[in-house]
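Have a look at the structure below before the remarks.
Indexing begins at 1, ligand by ligand and atom by atom, following the structure's order.
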Amino acid sequence: MIPPTCRDRVIAPSLLAADFSKIREETSRAIHAGADWMHLDVMDGHFVDNISFGPAVVQAVHETNDIFLDVHLMITRPDHYLPRFVAAGADLMTVHVEADHDVAETLRRIREAGCKAGLALNPATPAEAALPYLEQIDLLLCMTVVPGFGGQAFMGEVLPKIETVARWREERGLSYHIEVDGGIDAATAGLCAKAGANVMVAGSSTFRAPDMAAAVKAIRDA
Ligand code: DX5
Ligand code: ZN
């Protein structure tokens with residue numbers, strides 16, 4: 001498979017909205033519905049006020065399905081845990097700039113491990129927080145909700161930040177993907193794409209849709 005460029009639309013259903021009692025089938029359902037990547041939300045109960053799953057579940061998805069794994073680490077110490085997610089089969093690991101670690105060093109180690117490196121910004125974090133790291137990343141995630149839970153309402157105030165980081169990418173001749181996560185459906189995906197985002201994470205609007213393939217297509221066409 002040819003890896004997508006930052007001009008290609010990527011749809012990444014979030015496993016957080018799936019039925020956890022049948023993870024293998026739910027991942028297969030997303031693949032058959034047209035998903036490009038699977039988005040895996042790791043939450044530690046400290047960095048965010050929720051606990052989801054860890055490396056064992058990432059490994060279960062990796063071993064039972066063949067899809068690119070986009071692992072979003074909402075954890076306080078991504079530097080400490082990253083080797084376990086590498087071993088579990090992560091293809092891309094996104095860490096938060098707000099977490100308690102040496103961001104440049106963590107990003108360097110992710111790439112050194114052979115994974116793609118992503119950096120995430122919470123809605124309240126200014127774009128400038130990502131500036132020192134732009135050359136070290138394959139993806140910049142602009143959170144469109146306060147992370148922690150699925151099913152929250154999209155925050156339109158994040159759109160100017162997406163425009164800013166897309167402009168910086170052009171000005172600097174860089175090629176990082178711009179990902180959005182939280183409250184993404186066919187309507188909000190269109191707004192994000194217009195602002196410059198290409199990777200659309202969608203939990204509730206895909207896994208909980210009556211027709212998942214139609215939902216994925218609607219986000220792709222938005
Ligand atoms: C939010 C997570 C998201 C979440 C999105 O903390 O990072 O990936 O699963 O869920 P929806 O699409 O339902 O807003
Ligand atoms: Zn996420």
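Within ligand 1, the atoms closer than 4.0 Å to a non-hydrogen atom of S14 are 8 (O), 9 (O), numbered from 1 in the order shown. Below 4.0 Å from some heavy atom of H72 lie the following atoms of ligand 1, by number and element: 7 (O). Annotation for ligand 1: atoms under 4.0 Å from non-hydrogen atoms of G182 are 14 (O). Counting the atoms of ligand 1 from 1 in the order shown, those under 4.0 Å from a heavy atom of P147 are 6 (O).
Considering both main-chain and side-chain atoms, I184 never comes within under 3.5 Å of ligand 1 through any nitrogen or oxygen pair.
We find the CZ-CD1 distance between F85 and I75 to be 5.0 Å, quoted to the nearest 0.5 Å. Considering CZ of F207 and CG of L15, their distance stands at 5.5 Å, rounded to 0.5 Å.
Heavy atoms of S204 found under 4.0 angstrom from ligand 1 belong to the backbone as well as the side chain.
Contact between M74 and ligand 1 is present, with at least one heavy atom of the residue lying under 4.0 Å from the ligand.
Among protein heavy atoms, atom 11 (P) of ligand 1 sits closest to G151 N, 3.6 Å. For atom 1 (C) of ligand 1, the closest non-hydrogen atom of the protein is F149 O, 3.6 Å. At the top of the distance list for atom 10 (O) of ligand 1, counting protein heavy atoms only, stands G150 CA, 3.5 Å. Scanning the protein for heavy atoms near atom 6 (O) of ligand 1, the closest one is G148 N, 2.7 Å.
Listed by first and then second residue, the side-chain hydrogen bond (donor to acceptor under 3.5 Å, both in side chains) pairs involving residues 190-212 are H177-N198 (not counting sequence neighbours).
Within a 6.0 Å sphere centred on CG of D66, other residues, nucleotides and ligands contribute 12 heavy atoms or fewer. Around CG of D49, the count of heavy atoms belonging to other residues, nucleotides or ligands within 6.0 Å does not exceed 12. Residue E135 qualifies as open at atom CD: its count of foreign heavy atoms under 6.0 Å is 12 or below.
H72 has its ring centre less than 6.0 Å from the ring centre of H96.
When hydrophobic clusters are built by joining Ile, Leu, Val, Met, Phe, Trp and Tyr residues whose side-chain heavy atoms come closer than 4.5 Å, directly or via intermediates, I110 is grouped together with L140.
Inspection of the environment of the Zn ion (ligand 2) yields the following protein N, O or S atoms under 2.8 Å: H39 NE2, D41 OD1, H72 ND1, D181 OD2.
A distance-only check finds a donor-acceptor pair linking the side chain of R109 to the backbone of D79 [under 3.5 Å]. Judged by distance alone, with hydrogens and angles left aside, the side-chain atoms of T144 form a donor-acceptor pair with the main-chain N or O of D181 at under 3.5 Å.
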